[in-house]
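Read the structure below first, then the notes.
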Amino acid sequence: MGDPLFWHRLQFGFTVAYHYLYPQLTMGLALFIVVFKLLGRSSGNEVYRDMARFWIRIFGINFAVGVVTGIPMEFQFGTNWARFSHLSGGVIGQTLAMEGLFAFFLESTFLGLLIWGEQKIGPKLHDLAAWALFAGSWLSGYFIIVSNAFMQHPVGYTMAPDGTFQLARFWTYLLNPWAIVEYLHNMMGAVVTGSFFVTAVAAYWTLKGLYVEHARKTLQVGVAVGLLASLLVAFPTGDQQGKLVAKHQPVSLAAMEGRFQSGTYAELNFIGQPNLAEQKLDNPIRMPGLLSFIAYGSFSSNVKGLNDFPQEHWPTNIELLYYSFHIMVGLGTLFIGIMGLALLFLWKGRLERTRPLLWVLMLAFPFPFIANTAGWMVTELGRQPWLIYGLLRTSAGSSHLVHAGQTVFTSLGFAGLYIVLWFLSAFLILREISHGPTATPAGH
Amino acid sequence: MEMLWFWLVSVMVAIYAVMDGFDFGAGILHLFVAKTNAERREVLGAIGPFWDGNEVWLLAAGGALFLAFPRTLAAGFSGFYLAMFLVVWTLILRGISIEFRSHVQDDLWRAFWDRTFAMASMLLPILLGAALANVIRGVPLDNSGYFNIPLFTDFSAKNPVGILDWFTVLIGVFVLVTIAAHGALFLAWKTEGPVHERSRALAKPLWAAVVGLWVAATFATRTVSPEIYSQFPGSFLAWLFFGVYLAGLAAVFYGITQQRYLLAFLGSGAFILGILATTAACVWPVMLKSTYGPAHSLTAQNTSVGGYGLRVGLVWWLIGFPIVIGYFTLLFRIHRGKVKAAAEGQGY
């Protein structure tokens with residue numbers, strides 16, 4: 001525990017996982033705000049406009065926490081990962097700087113206008129602000145994913161004589177195939193979070209018999225978008241992401257699946273506990289051949305097990321990686337089931353009367369947050385022991401002069417501050433929900 | 001190319017100081033110039049639409065530093081580890097106080113956030129000023145190209161140095177007072193009624209203090225880092241920016257006397273921009289001075305990345321920068337004139 005590297009990893013992991021709870025909702029809600037504004041404009045129905053205004057109020061609270069918890073992420077590249085920053089700044093510095101210039105300024109400018117309200121700036125400019133927020137937050141996501149994709153699958157660089165990585169081909173780096181797949185998968189995940197959140201609020205109102213018309217329209221939009229996103233996050237984006245891992249990080253795939261022995265007709269494990277001491281999966285429930293098919297498109301393909309790789313290339317926390325992957329996939333499957341069922345009942349016009357299903361929809365909203373977090377843990381744990389895959393080990397990237405006494409201090413500081421932030425933002429968001437979609441601001 | 005990026009980073013830092021400076025200044029002063037809830041909301045209404053965008057200049061400057069001089073960023077950020085997190089935590093508290101304050105109509109809730117906002121706005125200029133002073137004074141960079149210093153040692157500004165000593169605290173206070181004075185002029189320009197009157201009354205003594213501290217800071221810098229003035233006489237840019245900041249200072253006092261507060265505010269912006277740019281011209285090419293001698297200093301030349309990355313970065317930066325200017329023009333146009341406090345439940 002006195003190992004500085006452990007604390008650097010824990011602090012960065014904690015602050016980034018916490019931070020991303022907010023942007024995933026931001027990016028999801030941004031889409032819904034645009035959709036509600038479009039529906040309001042095309043139908044002339046005031047209910048849609050109320051919903052756009054309602055979600056903007058929640059968006060504003062959520063966005064603020066996303067902004068302030070994002071600042072430490074930018075700083076921590078330098079503070080905690082100095083040697084990594086020194087070596088790779090010539091490459092990933094490009095996209096991190098582009099994010100500031102092209103995305104953050106766009107978002108910050110139009111957020112102020114969005115919050116300022118339609119009466120002050122007029123409906124046209126207000127619509128533009130909503131679109132700008134949508135574009136800005138989704139653009140921001142792309143720049144970050146490109147930086148991450150370089151760490152997963154480095155392209156477009158050369159190594160200088162002094163050991164630093166230098167940008168060699170800008171467009172190759174910016175259009176890294178890994179980045180494109182990872183981005184689409186990630187954004188669909190964010191839309192899943194947004195749609196479960198939106199749907200949960202509508203289900204709550206329906207169960208309480210409140211704002212019936214608003215709840216009805218929101219359920220329709222939320223469930224339709226929710227099913228579409230849940231399907232897209234699995235196929236083709238999740239599937240393609242898995243194939244990339246199988247191709248470029250086969251040892252991570254083996255660890256994600258708790259697979260120790262190589263062989264053909266590889267099974268897909270649904271449940272089981274990886275046992276590293278005995279190098280096997282305990283209590284497995286599995287389907288033979290499926291992993292081979294998913295990874296390489298044929299049931300008979302050989303999928304390598306961990307034993308075929310030198311141990312120093314194994315991910316450093318195989319158990320957590322294995323569970324993260326299975327939680328993500330398990331929850332993702334569940335999301336398709338829930339939203340599929342909800343759409344079926346919606347189709348039959350019975351969703352509003354089917355209280356058990358409404359209860360499920362109301363209570364399901366935390367799970368996409370968990371699935372998205374688990375997904376990112378798969379990405380980051382799967383990359384270990386590398387910081388830049390195949391090029392730089394995590395242990396060689398930290399700030400070596402920063403000792404554990406400093407990192408433990410700042411980690412604890414973040415823990416305290418973020419608990420407070422969590423309660424504050426939850427309090428304010430719940431308060432907005434209880435005020436309902438028709439709350440006139442003056443009636444506060 | 002390294003020189004161009006050195007100036008891009010410096011100018012973005014200077015723009016950050018000017019832009020975020022006015023909302024920091026408003027935060028430092030708001031407890032004194034705005035007494036009632038309506039007056040506080042007037043202050044928040046004046047800075048609310050801008051503060052987030054202003055802060056992005058810090059991230060944009062940091063991004064440019066990362067892109068062009070990653071070794072400097074790595075050494076500086078990890079070397080000032082604890083101070084960096086004090087900055088980060090204070091930025092978090094400050095942002096949250098602006099955004100959360102007006103959501104709940106409750107005296108205690110608002111009193112809490114008003115004070116948090118004021119304290120965070122005071123602490124940050126001191127910290128950022130001290131950071132700048134550390135760069136001028138130098139840090140114990142050795143052969144490894146890294147260092148790590150504590151928050152304070154014996155306050156002597158000599159090895160072993162800490163982040164806070166008499167010199168860095170002096171510069172921190174200079175920055176604090178300058179930012180407060182800058183904010184007073186912004187509020188005098190944008191508000192009316194009691195807030196305007198109080199800000200106006202504060203502007204003159206604050207600017208007198210700025211001049212006093214400026215003289216003190218100049219002499220202190222001579223003591224701690226005498227070589228900084230050696231290339232001043234021969235540097236055209238140093239003279240140019242020196243002129244900018246003297247002109248800015250003149251505009252501040254002329255504007256205050258003539259009650260032309262936009263002019264005074266622009267003058268104070270020129271003062272801040274000029275003084276930072278003059279400093280940059282004097283230290284070039286050193287980005288992080290070593291207290292173990294110039295051979296160990298990190299400079300624009302020995303820490304820059306390859307030319308291709310700098311050229312590519314310049315291309316997109318030249319595309320992006322005018323767009324950003326457009327955003328701010330739009331914001332200032334929409335929010336032109338004196339600020340009107342928003343109704344309860346709206347705006348900031």
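Heavy atoms of L82(B) lying under 4.5 Å from chain A belong exclusively to its side chain. Only the side chain of L93(B) comes within contact range of chain A, with at least one heavy atom under 4.5 Å from a heavy atom of that chain. Looking at Y327(B), the atoms closer than 4.5 Å to chain A (heavy atoms on both sides) sit in the backbone and in the side chain alike. Only the side chain of L330(B) comes within contact range of chain A, judged by heavy atoms closer than 4.5 Å.
A donor-acceptor contact closer than 3.5 angstrom links the side chains of T410(A) and Y81(B).
Here CH2 of W51(B) is found 9.5 Å from OG of S108(A). Values are rounded to the nearest 0.5 Å.
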Does the ring pair (Phe, Tyr, Trp, His ring centres under 6.0 Å) test come out yes or no for F77(A) and F77(B), once each step is laid out? CA-CA 9 Å; F77(A) 282 107; F77(B) 277 44; over 10 Å; no
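Side-chain atoms of L331(B) and L113(A), non-hydrogen and from C-beta on, do get closer than 4.5 Å to each other. Proximity of V88(B) to E74(A): side-chain heavy atoms (C-beta onward) are nowhere separated by under 4.5 Å. Within the 4.5 Å cutoff, the side chain of L167(A) has no heavy atoms near those of the V305(B) side chain. Considering only heavy atoms from C-beta on, V65(A) comes within 4.5 Å of F100(B) through its side chain. Side-chain contact between D52(B) and F63(A): present, with at least one pair of heavy atoms (C-beta onward) separated by less than 4.5 Å. Using a 4.5 Å heavy-atom threshold, the side chains of T164(A) and R71(B) count as separate. Residues L91(B) and V68(A) have side chains not in contact (no heavy-atom distance under 4.5 Å, counting atoms from C-beta outward). Contact of the F102(A) side chain with the W316(B) side chain is registered, since non-hydrogen atoms from C-beta on lie closer than 4.5 Å.
Comparing E107(A), Q166(A), R83(A), Q94(A) by heavy-atom pairs within less than 4.5 Å of chain B, the highest count is held by Q94(A). When the candidates A64(A), G78(A), G100(A), G413(A) are compared by the number of heavy-atom contacts under 4.5 Å with chain B, G78(A) comes out ahead. Comparing F75(A), F104(A), W81(A), F427(A) by how many heavy-atom pairs each has under 4.5 Å with chain B, the most go to F75(A). If you tally non-hydrogen atom pairs under 4.5 Å between each of D162(A), L421(A), T407(A) and chain B, the highest count goes to T407(A). With chain B as the partner, the residue from G60(A), S399(A), P72(A) showing the most heavy-atom pairs under 4.5 Å is P72(A). Taking chain B as the reference chain and counting heavy-atom pairs below 4.5 Å, the highest number among I71(A), V402(A), V420(A), L96(A) is found for V402(A).
Between H400(A) and Y146(B), the angle of the ring planes goes over 60°, which puts this pair in the perpendicular group of the 30/60° scheme.
Across all their heavy atoms, S85(A) and A74(B) have their closest contact at CB-CB, 4.3 Å.
The number of heavy-atom neighbours closer than 6.0 Å to CZ of F14(A), taken from other residues, nucleotides and ligands shown, is above 12.
Looking only at distances, no side-chain donor or acceptor of R431(A) sits under 3.5 Å from a matching main-chain atom of V104(B).
Applying the side-chain contact (heavy atoms from CB on, under 4.5 Å) test between E99(B) and each of I115(A), L428(A), V67(A), I61(A) identifies I115(A) as the sole match.
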